[in-house]
Amino acid sequence: MYQYRRVIVKIGSNVITQPNGLPDQERLSHLVDQVAAISKQGIEVILVSSGAVASGRSLIKVGDKHDAVAARQLLASIGQVKLINTYAQLFEKYDTLCSQVLVTKEDFRDRVHYLNMRNCLEILLQNQVVPVINENDVVSVTELMFTDNDELAGLIASMLNAEALIVLTNVDGIYTGDPKLPGSEVIQEVTSEGIDLSSFVSSARSQFGRGGMITKSSIAHKVAQLGITVHIANGTTDDILTELLAGKAVHTRFVPEKKKSGKKKWLAHAENAATGVVQVNEGARSVLLSNKASSLLPVGIIEIIADFKKGDIIRILDEHNKLIGLGQAEYGADKARELQGLKKQRPLVHYDYLYLQA
Ligand SMILES: Nc1ncnc2c1ncn2[C@@H]1O[C@H](COP(=O)(O)OP(=O)(O)O)[C@@H](O)[C@H]1O
Ligand SMILES: N[C@@H](CCC(=O)OP(=O)(O)O)C(=O)O
């Protein structure tokens, strides 16, 4: 039995799309029934729902004169109207309002913008509204795109301090091999020191999925590291949400580590907003990655690789150029070069504004 107060539920394209590419209205309706049931238990639910492109396919035939990006924009822009209206009608049966929130990666880059979005979502939840979030496919093309809605769901779970992220896909969880092969089994629990999933997870994606299990498992790892439980389960299984929360559904659960602060959660997803890059020596690396709460001190810095200003987000590399963390700089690159290698100097990044990943 899982006791959660706030849960993000991500619904993948394949869960609500029929094999012919059209929306699966029955599945959508059953999922809303389940969301209504768990909301009645006092759990706040936020939906991150794919399905705009699929819904668009049911309304318009895209000629081959458009490239893939234009076709996706066309289908998603038309389809989102149908998708959100379907949700609104389904929630109306429970006297529940839902809302539409369309975002791009840019919305998470700037902290003020990020906080504005978070405030709006909190106000919606305070008014018992179910936010239905999706990527704004009309404007987020190429570099502005999330890898897929798994990444978006991870960002939202971190932003709203959810206790759990439930990722609904079209398989029971992460398998020990190709889910279609008879010998493959569902991996039911994943811990940070546990098995390396990369040998099990192939780049294969389902018919309408975008990210595949590779993005799902890497996002799940990162979110669990921030202290949020991640469940990957089969959204096409009847009663999956209610059964999972009751501890009865076979699925993959990522065990959460110690809860990180809101600022650290924001930093964890902020690599795209980073400007500066600094390289630290082995001594600094081992202190930073130890369980001791340490700030990044100039004595451990061996090179300022890319410039930055006070307050910027910087990437922290070890001697092998591996990213070990992200942090907010207390002062700019010029000052950092002056203090580089010196003892007893002000930290470049204070511990509270430092996110580290082994
Ligand atoms: N080890 C694995 N276990 C389970 N699924 C896997 C694995 N490796 C690859 N996959 C594929 O990942 C797909 C789910 O990801 P994706 O297609 O992005 O779905 P969604 O639309 O839910 O995001 C599965 O349908 C399966 O084909
Ligand atoms: N914004 C897109 C979402 C695409 C996407 O991320 O799909 P999936 O990998 O199935 O979650 C849509 O609504 O179709």
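Counting only residues at least two apart or on different chains, the side chain to side chain donor-acceptor pair (under 3.5 Å) pairs with a member in residues 38-47 are R6-E44. For the salt bridge (charged side-chain N to carboxylate O under 4.0 Å, His left out) condition, the pairs that include at least one residue of residues 9-19, sequence neighbours left out, are K10-D150.
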Please report, to 0.1 Å, the donor-acceptor pairs under 3.5 Å made by any side chain of residues 75-82, with sequence neighbours excluded.
unit_1 : atom_1 : unit_2 : atom_2 : d
Q80    : OE1    : N134   : ND2    : 3.0
Q80    : NE2    : Q100   : OE1    : 3.2
K82    : NZ     : S58    : OG     : 3.1

Using atom types as modelled, flag every donor-acceptor pair under 3.5 Å from a side chain in residues 291-300 to any protein atom, sequence neighbours excluded.
unit_1 : atom_1 : unit_2 : atom_2 : d
S294   : OG     : K292   : O      : 3.4
S295   : OG     : Y351   : N      : 3.0

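Remark: N127 CG to S99 OG distance equals 10.5 Å, nearest 0.5 Å. The distance from the CG atom of D24 to the OG atom of S13 is 12.5 Å, given to the nearest 0.5 Å. In this structure, the separation between CG on L168 and CG on L244 is 8.0 Å, given to the nearest 0.5 Å. If you take NZ on K258 and NZ on K260, they are separated by 6.5 Å, rounding to the nearest 0.5 Å. In this structure, T169 OG1 and M213 CE are separated by 5.0 Å, a value rounded to the nearest 0.5 Å. Between the CG atom in D148 and the CD1 atom in I219 there is a gap of 7.5 Å [rounded to 0.5 Å].
Looking at Q328, its side chain never comes within 3.5 Å of a backbone N or O of D312 through a donor-acceptor pair. Side-chain atoms of S49 do not come within 3.5 Å of backbone N or O of L47 as any donor-acceptor pair. Judged by distance alone, with hydrogens and angles left aside, the side-chain atoms of K335 form no donor-acceptor pair with the main-chain N or O of A333 at under 3.5 Å. Looking at Q128, its side chain does come within 3.5 Å of a backbone N or O of Q126 through a donor-acceptor pair. A donor-acceptor pair under 3.5 Å links the side-chain atoms of S261 to the main chain of K264, judged by distance alone. Looking only at distances, no side-chain donor or acceptor of Q357 sits under 3.5 Å from a matching main-chain atom of I324. H320 places no side-chain N or O within donor-acceptor distance of the main-chain N or O of K322, the cut-off being under 3.5 Å. In this structure, T252 contributes its side chain and I187 its backbone to a donor-acceptor pair below 3.5 Å.
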Derivation of the side chain to side chain contact (heavy atoms under 4.5 Å, CB included) call for N281 and E319: CA-CA 6 Å; N281 60 27; E319 289 178 341; 3.5 Å; yes
Pair L115-R118, side chain to side chain contact (heavy atoms under 4.5 Å, CB included): steps then yes or no: CA-CA 5 Å; L115 294 175; R118 188 178 70 179; 3.4 Å; yes
Side chain to side chain donor-acceptor pair (under 3.5 Å) between E135 and N149, intermediate numbers included: CA-CA 7 Å; E135 177 165 27; N149 272 352; over 6 Å; no
Working for salt bridge (Lys or Arg N to Asp or Glu O under 4.0 Å), residues R27 and D238: CA-CA 9 Å; R27 182 55 57 191; D238 286 351; 3.1 Å; yes
Steps toward side chain to side chain contact (heavy atoms under 4.5 Å, CB included) verdict (K309, T275): CA-CA 8 Å; K309 298 188 300 301; T275 51; 5.7 Å; no
Worked check of side chain to side chain contact (heavy atoms under 4.5 Å, CB included) between L121 and I133: CA-CA 10 Å; L121 289 167; I133 305 171; 4.0 Å; yes
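Closest of all the heavy-atom pairs between G51 and L83 is C-CD2, 3.9 Å. Taking all atoms of both residues into account, the shortest heavy-atom contact from D67 to A70 is OD1-N, 2.7 Å. Of all heavy-atom pairs between A336 and I304, the closest is CB-CD1, 3.7 Å. The nearest pair of heavy atoms linking L267 to L354 is CD1-N, 3.8 Å. Across all their heavy atoms, N272 and R109 have their closest contact at O-NH1, 2.8 Å. Shortest non-hydrogen contact noted between G327 and I316 is N-CD1, 4.4 Å.
Side-chain contact, H30 with Q34: a donor N or O sits under 3.5 Å from an acceptor N or O.
A search for ring-ring contact (aromatic ring centres under 6.0 Å, His included) contacts involving Y4 returns Y2, H231, not counting sequence neighbours. Remark: Y87 engages no residue in a ring-ring contact (aromatic ring centres under 6.0 Å, His included) (not counting sequence neighbours).
Residues M159 and V132 fall into different hydrophobic clusters, defined by Ile, Leu, Val, Met, Phe, Trp and Tyr side chains chained together at heavy-atom separations under 4.5 Å. Under a hydrophobic clustering in which Ile, Leu, Val, Met, Phe, Trp and Tyr are joined whenever their side-chain heavy atoms come within less than 4.5 Å, directly or via other members, L245 and V15 fall into the same cluster. Hydrophobic clustering, with ILVMFWY side chains joined whenever heavy atoms are under 4.5 angstrom apart, keeps V167 apart from V9. Residues V230 and Y175 share a hydrophobic cluster, clusters being chains of Ile/Leu/Val/Met/Phe/Trp/Tyr side chains in contact below 4.5 Å. In terms of hydrophobic clustering, with Ile, Leu, Val, Met, Phe, Trp and Tyr side chains grouped at heavy-atom distances under 4.5 Å, I16 and I84 are assigned to a common cluster.
Other residues, nucleotides and ligands contribute more than 12 heavy atoms inside 6.0 Å of the CD atom of Q188. Residue Y353 qualifies as open at atom OH: its count of foreign heavy atoms under 6.0 Å is 12 or below. Residue-environment remark: NZ (K259) exceeds the threshold of 12 foreign heavy atoms within 6.0 Å. Other residues, nucleotides and ligands contribute over 12 non-hydrogen atoms within 6.0 Å of the CD atom of E282.
Using a 4.5 Å heavy-atom cutoff, the side chains of Y355 and L226 are in contact. Within the 4.5 Å cutoff, the side chain of L317 has heavy atoms near those of the L323 side chain. Under the 4.5 Å side-chain criterion, counting only non-hydrogen atoms from C-beta, E151 is in contact with K105. A heavy-atom distance below 4.5 Å is found between the side chains of I314 and L348. N116 has its side chain out of reach of C120: every pair of non-hydrogen atoms, C-beta onward, lies at least 4.5 Å apart. Using a 4.5 Å heavy-atom threshold, the side chains of E106 and V139 count as separate. No side-chain heavy atom of L102 sits less than 4.5 Å from a side-chain heavy atom of V138. In this structure the side chain of V7 never reaches within 4.5 angstrom of the side chain of I38, judged on heavy atoms.
The aromatic rings of W266 and Y114 sit tilted, their planes meeting at an angle between 30° and 60°.
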